[in-house]
Amino acid sequence: MQIITEPAEMQSIAESLRLQHQFIGVVMTMGALHNGHLSLVRIAKQKAGTVIMTIFVNPTQFGPGEDFHRYPRPFEQDAALARSAGIDYLFVPSPEKMYPEGFHTTIDPGPISSLFEGRSRPGHFSGVATVVVKLLNITQPHIAIFGEKDAQQLTLIRKVTGELNIGTKIIGAPIARESDGLATSSRNIYLSSSEREQATVLYRGICHAEIETGEGRTDLAVIAEEAESLIRSMPDADPDYVSFVDDETFEPADKALPGKAYRLVMAVRIGTTRLIDNWRFVCP
Ligand code: PAF
């Protein structure tokens with residue numbers, strides 16, 4: 001595995017790989033690698049001959065008071081995991097290389113970026129869209145794999161890359177979960193042991209919705225309220241939002257219509273740690 005820190009060098013390697021007809025897959029991360037990331041790598045490796053991983057804790061997607069400075073950066077451990085997962089190139093730029101003095105260009109992904117995660121984290125999705133487009137331009141991949149845990153991010157990346165005619169195919173990967181249902185996340189390490197136990201309530205909220213919709217209920221707003229009350233029953237859980245949305249637009253959805261896809265999305269603070277999760281269903 002080759003470790004690259006210079007954007008120009010990564011881009012020229014990607015260009016020469018393309019000239020050699022290599023099929024390139026990319027997995028973008030902010031490091032602190034866990035099973036979720038490794039499941040994205042497995043998909044990339046099944047589909048692509050050369051796999052690039054990027055590790056960049058992108059400052060522009062963190063708001064003031066968020067965890068940018070304390071975000072875990074276990075680089076040696078990440079590099080070892082990436083190497084054993086079979087990554088060919090690990091691209092690890094510094095913020096100064098990505099955003100040199102005088103950098104101003106940003107992407108505005110439109111209305112979806114002010115809903116849910118975007119409403120709670122102003123500027124977050126513009127930061128994500130801008131860095132993703134930069135990383136796509138630098139790594140020149142044929143495919144890029146993103147986890148469905150960040151479902152709103154995935155929808156937005158599909159929209160931005162489509163609208164900007166970026167040729168990379170965006171592939172969504174299923175949410176990786178711990179054995180008790182908690183979605184894997186680099187932020188799970190912030191949880192104390194009592195918070196870690198309480199955090200399973202997000203998945204229990206999802207199971208409630210799955211059971212109720214499975215029984216034919218279509219009153220999505222009420223089901224989401226029930227899931228939210230279940231989550232609130234944990235002493236340290238403070239839901240930011242728990243809502244069904246239209247799976248394409250992320251507009252809130254109150255009632256399920258036959259044949260349409262919806263997603264239950266949630267962001268919940270457990271103590272001081274903000275966790276997100278979601279579940280997609282198609283109304284029969
Ligand atoms: O999902 C993430 O880890 C980040 O938002 C991403 C896509 C790597 C952009 O910084």
Side-chain angles (χ1 to χ4, degrees), residues 4 7 10 25-41 43-44 51-63 66-75 78 81-82 85 87 89-99 103 105-109 112-113 116-118 120-139 141 143-161 164 166 168-176 183-190 250 265 267 273-278:
I4 318 280
M10 183 71 255
V26 73
V27 175
M28 295 181 191
T29 80
M30 298 204 300
L33 301 180
H34 51 66
N35 281 337
H37 297 117
L38 299 180
S39 71
L40 308 186
V41 173
I43 296 175
V51 179
I52 303 173
M53 175 183 275
T54 69
I55 296 184
F56 180 60
V57 185
N58 175 34
T60 68
Q61 69 188 75
F62 288 80
E66 289 188 11
D67 57 345
F68 173 67
H69 291 292
R70 74 168 179 142
Y71 199 85
R73 292 165 171 85
F75 178 69
D78 283 349
L81 277 171
I87 293 298
Y89 297 92
L90 185 61
F91 177 54
V92 197
S94 64
E96 295 71 31
K97 294 282 173 191
M98 290 294 277
Y99 303 114
F103 183 97
T105 307
T106 55
I107 292 174
D108 174 2
I112 190 178
S113 60
F116 298 98
E117 278 305 278
S120 301
R121 306 182 67 189
H124 169 69
F125 282 129
S126 172
V128 169
T130 307
V131 81
V132 165
V133 169
K134 276 175 73 69
L135 291 169
L136 290 173
N137 284 334
I138 292 167
T139 58
I143 57 169
I145 327 291
F146 293 92
E148 267 191 49
K149 183 164 80 71
D150 296 290
Q152 193 174 356
Q153 166 176 285
L154 175 58
T155 302
L156 184 135
I157 290 170
R158 284 205 167 102
K159 186 169 161 57
V160 166
T161 52
L164 295 181
I166 294 173
T168 306
K169 181 174 180 205
I170 306 299
I171 297 175
I175 300 177
T184 59
S185 163
S186 304
R187 292 187 167 101
N188 290 351
I189 60 162
Y190 297 152
F250 266 77
V265 292
T273 306
R274 191 169 179 282
L275 301 176
I276 58 171
D277 205 340
N278 69 83

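Both ligands and their constituent atoms are indexed starting at 1 by order of listing. The analysis underlying the following values was restricted to heavy atoms, covering all of them including side chains, and did not include hydrogens, waters or symmetry mates.
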Do Ile55 and Met30 have side chains that get closer than 4.5 Å, going by heavy atoms?
-> no
Identify, for atom 7 (C) of ligand 1, the protein heavy atom at the shortest distance, and state residue, atom and that distance.
-> Gln153 NE2, 3.5 Å
Subset of ligand 1 atoms that lie under 4.0 Å from at least one heavy atom of Val131 = 9 (C), 10 (O)
Atom 9 (C) of ligand 1: the protein heavy-atom neighbour that sits closest, reported with distance to 0.1 Å = Gln61 OE1, 3.4 Å
Given His124, Lys134, Lys149, Met28, which has its nearest heavy atom closest to atom 8 (C) of ligand 1?
-> Met28
Donor-acceptor pair, side chain of His124 and main chain of Gly118, under 3.5 angstrom | no
Atom 3 (O) of ligand 1: closest protein heavy atom, distance to 0.1 Å, is Met30 CG, 3.7 Å
Indicate yes or no for a side-chain donor-acceptor contact from Asp78 to the backbone of Gly31 under 3.5 Å, with no hydrogens or angles considered.
-> no
Asp67: side-chain contact (heavy atoms from CB on, under 4.5 Å) partners, not counting sequence neighbours = Phe62, Arg70, Tyr71, Arg187, Tyr190
Mutual orientation of the aromatic rings belonging to Tyr99 and Phe56 [parallel < 30°, tilted 30-60°, perpendicular > 60°] = tilted
